[in-house]
Amino acid sequence: MSENLLEVRNLTKHFTLHGDFVSRMAGKSQTLKAVDGINFAIKSGETLGLVGESGCGKSTVGRTVLRLLEPTDGKIEVEGTDITTLDKPSLRDFRREMQIIFQDPYSSLNPRMTAGGIVEEMLRVHGIGTPAERKERVAELFERVGLRKAQLESFPHEFSGGQRQRIGIARALALNPSVIIGDEPVSALDVSIQAQVINLLMDLQAELNLSYLFIAHDLAVVEHISHRIAVMYLGKIVEYTDKKTLFTNPQHPYTEALLSAVPVPDPTIKRKKTILQGDVPSPIKPPPGCHFHTRCPYAEERCKVEEPALKEISPGHTVCCHLR
């Protein structure tokens, strides 16, 4: 049996776009390659950080892994079971194993339900416990995430942003999952609140042996919480290694550029910044060859015509670049 709790193989998610009325009448369509054949694995009790610019496909990966979006191709194995082959009743049982914390703590909570009711709904839908047992479980979850029992009957608008995200975390914990996907769970919060929520997630991981797929664009946050990091660009993983190696010895030009943009708190330290030219190409019509060559300061002629493969350059460190 694999030592990995979650294993993703050749995961692909393409969207068909039919365009305007004229295009639809003519039967013309385009394919948006949001996720284009990626591989990663997460061990029990481990956090994998998934980083990249907005629009690179990070959130689509998270939602496809949960099968909130149906994958176009590939396998998603949870404890050795390929969940892409499961029908809806069987998949319902696996929902207990994998949960998600959404990015926006405002729109992800039902404004017409009390905070306690939002968390209890998970237990009720899965038929867990009696009403009294469910209420007791919700009260325990509130205390575990730093909320008070007195707040169970309050509505979402009565909470701050950080408190709302704690409700989202309590909801994710309700079914005792083994994997939680955090879809930029702290990006909408103030910096001081971000630190509190990140520390809470790390404490819960240590206490409950949780595994996280932590999606973010803030490398400072990812460095703090992750064990390994995957860097995405235009639907593909371009570098994949442990946290220490990525921050001390980045090998892909895109990773170098991302790291150079991270602010340094010490004003006496001078660091060369890599400024990427141009915009991210469209995933509808990505560039030929290496998708990054249009912005890469080291691009050669080969990069413009031949797509590089993701190769291992040292144990546990894989890079998608002709120059490595």
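Excluded from the calculations below are hydrogen atoms, water molecules and symmetry mates; all remaining heavy atoms, backbone and side chain alike, are included.
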Any link between [X] and [Y] through a network of hydrophobic side chains (Ile, Leu, Val, Met, Phe, Trp, Tyr) touching at under 4.5 Å?
X      : Y      : value
Ile237 : Ile313 : no
Leu246 : Leu310 : no
Val319 : Leu219 : no
Leu208 : Val119 : yes
Ile169 : Met113 : yes

Considering only heavy atoms from C-beta outward, does the side chain of [X] approach that of [Y] to under 4.5 Å?
X      : Y      : result
Pro308 : Cys321 : no
Pro105 : Leu189 : yes
Met98  : Ile83  : yes
Ser108 : Arg171 : yes
Val138 : Leu123 : yes
Pro281 : Thr294 : yes
Lys13  : Pro71  : no
Arg137 : Arg134 : no

[X]: which residues meet the salt bridge (Lys or Arg N to Asp or Glu O under 4.0 Å) condition with it, sequence neighbours left out?
X      : answer
Arg95  : none
Lys43  : Glu3
Arg96  : none
Glu184 : Lys58

message: side chain to side chain donor-acceptor pair (under 3.5 Å), that's the test. Do Thr47 and Gln205 meet it? Break it down for me.
response: CA-CA 9 Å; Thr47 299; Gln205 182 176 51; 2.8 Å; yes
message: Please list all pairs meeting side chain to side chain donor-acceptor pair (under 3.5 Å) that have one or both residues in residues 241-250, counting only residues at least two apart or in different chains.
response: Asp242-Thr245, Asn249-Gln251
message: Run Asp82 and Thr85 through side chain to side chain donor-acceptor pair (under 3.5 Å) and show every step you take.
response: CA-CA 6 Å; Asp82 182 6; Thr85 63; 4.7 Å; no
task: List for me each residue that meets side-chain contact (heavy atoms from CB on, under 4.5 Å) alongside Asp93, sequence neighbours excluded, and say none if there are none.
output: none
message: Using the side-chain contact (heavy atoms from CB on, under 4.5 Å) criterion, which residues pair with Phe155? Sequence neighbours excluded.
response: Thr114, His157, Glu158
- request: Report the C-alpha separation of Tyr212 and Leu204 in whole Å, then their side-chain angles, then the decisive distance to 0.1 Å, and conclude whether the side-chain contact (heavy atoms from CB on, under 4.5 Å) test is met.
  value: CA-CA 11 Å; Tyr212 294 141; Leu204 290 169; 3.9 Å; yes
State plainly whether the residues [X] and [Y] are in salt-bridge range, i.e. N to O under 4.0 Å.
X      : Y      : result
Glu207 : Arg144 : yes
Glu120 : Arg124 : no
Arg63  : Glu70  : no
Glu307 : Lys236 : yes

query: Does anything in residues 210-228 pair up under salt bridge (charged side-chain N to carboxylate O under 4.0 Å, His left out), and if so which pairs, sequence neighbours excluded?
result: Glu46-Arg228
- request: Only counting residues at least two apart or in another chain, list the ones meeting side chain to side chain donor-acceptor pair (under 3.5 Å) with Asn110.
  value: none
statement: Hits for side chain to side chain donor-acceptor pair (under 3.5 Å) against Gln194, two or more places apart or cross-chain, chain-then-number order -> none
message: For residues 291-318, which residue pairs pass the ring pair (Phe, Tyr, Trp, His ring centres under 6.0 Å) check, not counting sequence neighbours?
response: Tyr233-Phe292, His252-Phe292, Tyr254-Phe292
Which atoms form the tightest heavy-atom contact between [X] and [Y], and what is the distance?
X      : Y      : answer
Gly37  : Thr12  : N-OG1, 3.3 Å
Leu5   : Ser178 : CD2-O, 3.6 Å
Asn209 : Gly45  : OD1-CA, 3.4 Å
Ala174 : Leu141 : CA-CD1, 3.6 Å
Ile193 : Gly162 : CG2-CA, 3.6 Å

Measuring from [X]:[atom1] to [Y]:[atom2], what's the distance to the nearest 0.5 Å?
X      : Y      : atom1 : atom2 : result
Met232 : Leu50  : CE    : CG    : 6.0 Å
Ile215 : Asp183 : CD1   : CG    : 4.5 Å
His14  : Asp73  : NE2   : CG    : 8.5 Å
Glu97  : Leu6   : CD    : CG    : 11.0 Å
Phe102 : Gln99  : CZ    : CD    : 9.0 Å
Leu210 : Ile42  : CG    : CD1   : 12.0 Å

Exam field: side chain [X] to backbone [Y], donor-acceptor pair closer than 3.5 Å:
X      : Y      : result
Thr130 : Glu133 : yes
Gln165 : Pro185 : yes
Arg9   : Ile76  : no

field: Pair Phe40-Val65, side-chain contact (heavy atoms from CB on, under 4.5 Å): steps then yes or no
entry: CA-CA 11 Å; Phe40 63 82; Val65 166; 4.1 Å; yes
task: I would like to know whether Tyr240 and Val231 meet side-chain contact (heavy atoms from CB on, under 4.5 Å); could you show each step before the answer?
output: CA-CA 6 Å; Tyr240 182 41; Val231 180; over 6 Å; no
query: Is it true that the side chains of Glu312 and Thr318 contain a donor and an acceptor less than 3.5 Å apart?
result: no
- prompt: Judged by modelled atom types alone, do Asp190 and Ser192 share a side-chain donor-acceptor pair under 3.5 Å?
  reply: no
- prompt: Does NZ belonging to Lys149 count more than 12 external heavy atoms closer than 6.0 Å?
  reply: no
task: Check whether more than 12 heavy atoms from other residues, nucleotides or ligands sit under 6.0 Å from atom CG of Asp279, and answer yes or no.
output: no
- prompt: Passes salt bridge (charged side-chain N to carboxylate O under 4.0 Å, His left out), Arg324 versus Glu256? Steps please.
  reply: CA-CA 13 Å; Arg324 299 293 187 264; Glu256 291 179 2; 3.4 Å; yes
ILVMFWY cluster membership beyond Val191 - transitive side-chain contacts under 4.5 angstrom: none
